[in-house]
2 protein chains.
Amino acid sequence: MDGDHGQEAGGPRVRADARRNEDALLEAAKAIFAASGVDAPAREIAARAGVGVGTLYRRFPSRADLVIAVFKREVDACTAEAVVLASGHPPGEALALWLRRFTRFIAAKRGLAQALHSGDPAFQALPDYFRQNFEPALAGLLDAAVDVGAVRSGIEPYELLRAIGNLAAIKGAEPEGETSVMVELLIDGLRLSAGKVPPAAG
Amino acid sequence: MDGDHGQEAGGPRVRADARRNEDALLEAAKAIFAASGVDAPAREIAARAGVGVGTLYRRFPSRADLVIAVFKREVDACTAEAVVLASGHPPGEALALWLRRFTRFIAAKRGLAQALHSGDPAFQALPDYFRQNFEPALAGLLDAAVDVGAVRSGIEPYELLRAIGNLAAIKGAEPEGETSVMVELLIDGLRLSAGKVPPAAG
DNA sequence: TTATATACGGAACGTCGTTCCGTTTAGCAA
DNA sequence: TTGCTAAACGGAACGACGTTCCGTATATAA
């Protein structure tokens, strides 16, 4: 998705331990950002990753670098799952499963919202990255589900993304509580099963 | 405006040096907030005020306490000036002078905007304080100017406040530059002098 | 003037971001 | 396997900062 990460082309350009550590750093940062926000101490992230702070700063010179890398990595993981789900479930089910997965993605991003709106120009590209990856991913699932008659047509992928985003981002609501109930309502509302008709036709 | 500050009623309740220091602290914080934002180091503020950090923390235990106190103090100073100007100038002139004064107030508050929108509940009362003080102050000047025919009628004080606020708060614009030019246009637009007619009638 | 509550100042402590460099090690070649 | 070298590591060290604490100074009342 990005350029090469120094693995496939030619001889080993990046040492294996370096890549392992980068991975551990991103994993640790993801967990700690979710738990304590994006301002969590650098030492804490390095410790959880099992590396020294020097390694953290060498790989991610600024806090924004790390935040952006974590964000993109999770976006990529979430969109990749759309493909997996689509190939292992009926379209309607795949769509529902992925929307729940997306809900978890949003719920884990609470700490990020503040950084996004902080005015730091380093984060300007993130909303675009968000949309350019999620919109096609959802569109694929949605189209497939519409094709087999599992959900109604006429839903704009981006509007659905925003709707769930707004539901899941409600401050103070815990991920497993009311939020997911609301999202389930939304998912149910998409369905076009026997015995259900669009509200307008009632 | 607040409760008593321990001066007028009964015997001296607060030591004179304490009040002097509080004043110096607020004055120093005002200058440093304007220059470096509301996250400026506590030591720097204390040093400029000529007191120790202990004194700063005794008087303003949290950063929000200091920010709020500075904000209210400046609001009070700006509204008080409305009265002074009204009693020393013709109504139309008093209005123009005060609007320029208000523009300077807003321009000095750039650092505050971020704190205001930080979600800290300590700042929730500030927008109300802003409006409840500025709106009557401007309304008085405006009414007087309308009465003598210096400016057109039908202007809502709060909308004018917001208009200037939006002009003066444009990021990157220096207080003495384009911003004041735009505000002057606005002030001119208010005037109802011979030879000018409202745009709609042209 | 003296007593005392009040307020002051700044050293001290812990946390954090960031840098720097001596040490370790992955990858390659012989 | 062994040695070599460049890459990468790790964590001590430094400075800035928030915050606390208490010995000292002083404003005020008697």
Side-chain angles (χ1 to χ4, degrees), chain A residues 4-29 32-33 35-70 111 114-115 118 120 122, chain B residues 4-29 32-33 35-70 111 114-115 118 120 122:
Chain A
D4 74 306
H5 275 295
Q7 185 177 218
E8 51 274 10
R13 300 265 191 69
V14 178
R15 273 171 49 165
D17 55 345
R19 196 158 40 218
R20 269 200 312 276
N21 285 334
E22 179 172 330
D23 216 69
L25 243 6
L26 288 172
E27 202 63 32
I32 290 182
F33 284 171
S36 317
V38 292
D39 288 328
R43 273 183 246 270
E44 192 180 339
I45 296 169
R48 182 185 245 261
V51 306
V53 281
T55 298
L56 169 56
Y57 277 98
R58 200 176 321 106
R59 203 72 48 187
F60 304 103
S62 82
R63 174 61 55 130
D65 293 330
L66 180 58
V67 170
I68 290 171
V70 169
Q114 197 177 0
S118 71
D120 187 327
Chain B
D4 73 305
H5 276 294
Q7 185 175 218
E8 51 274 9
R13 301 267 192 68
V14 177
R15 274 171 49 167
D17 54 348
R19 195 157 40 218
R20 268 200 311 276
N21 285 332
E22 178 172 330
D23 216 69
L25 244 4
L26 289 172
E27 202 62 35
I32 290 182
F33 284 171
S36 316
V38 291
D39 288 328
R43 272 182 248 268
E44 193 180 339
I45 297 168
R48 184 186 243 261
V51 306
V53 282
T55 299
L56 170 56
Y57 278 98
R58 199 177 321 105
R59 203 72 49 187
F60 304 102
S62 82
R63 175 61 55 128
D65 293 330
L66 180 58
V67 171
I68 291 171
V70 169
Q114 196 177 1
S118 71
D120 187 329

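So that the names make sense, note that chain A is the first sequence line, chain B the second, and so on, each numbered from 1.
In this structure, B:L56 places its CG atom 13 Å from C1' of D:dT20, rounding to the nearest Å. Put simply, OH on B:Y57 is 14 Å from C1' on C:dA12, counting in whole angstrom units. In this structure, the CD atom of B:E22 is 10 Å from the P atom of C:dC8, given to the nearest Å. If you measure from atom CG of A:D39 to atom P of D:dG18, you get 15 Å, rounded to the nearest angstrom. One interatomic measurement links the two molecules: CZ of B:R63 to P of D:dC17, which rounds to 11 Å at whole-angstrom precision. Protein atom CZ of B:F60 is 17 Å distant from nucleotide atom C1' of D:dG18, rounded to whole Å. B:D65 has its CG atom 11 Å from the P atom of D:dT19, to the nearest Å.
Note that CZ of B:R19 is 10.5 Å distant from CZ of B:R59, once rounded to the nearest 0.5 Å. With values rounded to the nearest 0.5 angstrom, A:I45 atom CD1 is found 4.5 Å from A:R63 atom CZ.
Using modelled atom types, one side-chain atom of B:N21 and one backbone atom of B:D17 make a donor-acceptor pair closer than 3.5 Å.
B:V70 approaches B:A29 most closely through the heavy-atom pair CG2-CB, 3.6 Å. Nearest heavy-atom pair, B:V38 versus B:G111, reported as atom, atom and distance to 0.1 Å: CG2-O, 3.8 Å. Nearest heavy atoms, B:A122 versus B:I68: O-CD1, 3.2 Å. Across every non-hydrogen atom of A:L25 and A:A46, the tightest pair is CD1-CA, 4.3 Å.
Contact check for A:F60 versus A:L26: side-chain heavy atoms found under the 4.5 Å cut-off. Residues B:R58 and B:T55 meet the side-chain proximity criterion, which asks for heavy atoms closer than 4.5 Å.
Along DNA chain D, the nucleotide nearest to B:S62 and the one nearest to B:R20 differ in position, and the one closer to the 5' end is contacted by B:S62. For the pair B:V53 and B:A16, nearest-nucleotide mapping onto DNA chain D gives the more 5' position to B:V53.
Annotation: proximity of residues 40-52 of chain A to DNA chain C (heavy atom, distance under 4.0 Å) is found for A:A40, A:P41, A:A42, A:R43, numbered in ascending order.
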Give each protein N/O atom lying under 3.5 Å from an N/O atom of nucleotides 4-8 of chain D, with the pair distance.
from: D:dA7; atom 1: N3; to: A:R15; atom 2: NH1; distance (Å): 2.4

